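Structure first, then comments.
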Amino acid sequence: MSADWLGLDGARVLVAGAGSIGAELVRGFGAAGARVVVADVDPERLTPLDAPGLEADVTSPAACRDLIARAREQLGGLDIFVHCVGINDRRPIEDYADDDWERIITINLSSAFWLSQAAVAALREQGSAGRVIFFSSVAGLLGHQQHGPYAASKGGINQLMKVMAHELAAEGITVNAIAPGYVETHLTSAHLAKPGVRDKLLSLIPAGRFGTTEELVGPVLFLASKQAGFVTGHVLYVDGGRTTV
């Protein structure tokens, strides 16, 4: 087996989202020899990363098309697109205002559609196979309380992924999703700090611990690699067995 058995050396990658997970993916792709551009709405998240950063607001179709165009210009093309953009706001269903729903759905789901639409157009224009990888969540399958808009957005990601995988399979473009379980990130830290929450969540994980951002890198690199050319339309749960309970 060659040192570059993943076949990622020189691959052109856009990671949308430079939070805890996105930053780890940038490091992982870089270590695999890929050329990476990372985008985020917060320029301070981009500064410490060892990759070109693009400041971007992904809340409109035009902004998403512009981001894909800028990434292609930076990289000289595009082979792999990873959507790792997401927000959450935990509260009972009746406590969400109209704007709350719209904001979460737009950032988590609509941006995934707009960005992947533009990324696929780029792959077709190049006449090349490629990879699209979304970040879903166990919340896209399980009925977690106080996750209404977030869970809806992740369930939507799963279905969007399946439709795209079906439509694009014959062109050699694979589309998959990673669904993490409970991972300690900037998005979950405040929730985990609440009294009793950490122990309650740990009791739901057969592995008996939370995942780490590092443990998400290998699954993503595999789905992005030449080794996964016949893997498409799949939600890969990286959850310590949470979805088996």
Side-chain angles (χ1 to χ4, degrees), residues 8 10-30 34-88 99 101-136 149-150 153-154 156-157 159-161 163-165 167-168 171 173-178 186-187 220 223-224:
L8 291 173
R12 299 165 295 186
V13 183
L14 169 62
V15 175
S20 302
I21 296 173
E24 202 66 58
L25 295 179
V26 169
R27 289 186 281 269
F29 273 113
R35 297 170 55 207
V36 189
V37 165
V38 57
D40 200 279
V41 69
D42 184 355
E44 292 187 4
R45 290 183 183 174
L46 299 171
T47 302
L49 299 178
D50 188 20
L54 299 175
E55 187 176 347
D57 181 343
V58 295
T59 58
S60 75
C64 289
R65 288 191 291 269
D66 176 69
L67 172 56
I68 296 298
R70 285 188 289 149
R72 290 182 70 193
E73 182 178 5
Q74 180 80 39
L75 294 166
L78 184 67
D79 302 306
I80 299 160
F81 169 63
V82 182
H83 184 271
C84 193
V85 177
I87 60 171
N88 197 3
D99 289 349
W101 169 269
E102 188 69 26
R103 179 172 58 93
I104 294 171
I105 293 297
T106 297
I107 292 173
N108 291 7
L109 179 56
S110 297
S111 75
F113 175 76
W114 295 326
L115 285 167
S116 61
Q117 188 181 48
V120 167
L123 292 172
R124 283 175 162 161
E125 183 181 321
Q126 294 167 190
S128 60
R131 304 283 186 264
V132 176
I133 302 169
F134 296 113
F135 262 79
S136 180
Y150 181 81
S153 73
K154 296 304 183 177
I157 286 283
Q159 290 304 109
L160 173 64
M161 176 274 296
V163 172
M164 290 180 62
E167 291 185 1
L168 301 170
E171 300 177 53
I173 300 172
T174 68
V175 189
N176 293 285
I178 294 286
H186 74 282
L187 192 63
V220 172
L223 291 177

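Scope of the values below: all heavy atoms of this structure, side chains included, with no hydrogens, waters or symmetry mates. Predicted, not measured: the structure shown is a model, and the values here were computed from it.
P149 and I105 make their closest contact through O-CD1, 3.7 Å (heavy atoms, listed as atom of the first residue, atom of the second, distance). The nearest pair of heavy atoms linking N108 to G86 is OD1-CA, 3.1 Å. Of all heavy-atom pairs between I87 and Y150, the closest is O-CD1, 3.2 Å. Shortest non-hydrogen contact noted between Q74 and V37 is CG-CG2, 3.4 Å. The two atoms that bring L109 and G156 nearest to each other are CD1-C, 3.6 Å, heavy atoms only. Summarising the geometry of G30 relative to V36, their closest heavy-atom pair is N-CG2, 4.0 Å, with the distance given to 0.1 Å.
With sequence neighbours excluded, the residues that form a salt bridge (charged side-chain N to carboxylate O under 4.0 Å, His left out) with E171 are R124. Annotation: salt bridge (charged side-chain N to carboxylate O under 4.0 Å, His left out) contacts of D66 (sequence neighbours excluded): R70.
Between the side chain of T106 and the main chain of R103, no donor-acceptor pair closer than 3.5 Å is present. A donor-acceptor pair is defined here as one N or O able to donate and one able to accept, closer than 3.5 Å; no such pair exists between the side chain of D79 and the backbone of V13.
Residue D42 places its CG atom among more than 12 non-hydrogen atoms of other residues, nucleotides or ligands, all under 6.0 Å distant.
One distance of note links CG of L67 with CD of E55; it measures 11.5 Å at 0.5 Å rounding. To the nearest 0.5 angstrom, I173 atom CD1 is 11.0 Å from S116 atom OG. Distance check: L14 CG to H83 NE2 gives 10.0 Å after rounding to the nearest 0.5 Å. Here the CG-CG distance, from L123 to L168, works out to 8.5 Å after rounding to the nearest 0.5 Å.
If you run side-chain contact (heavy atoms from CB on, under 4.5 Å) between L46 and each of V26, L54, V38, only V38 comes through.
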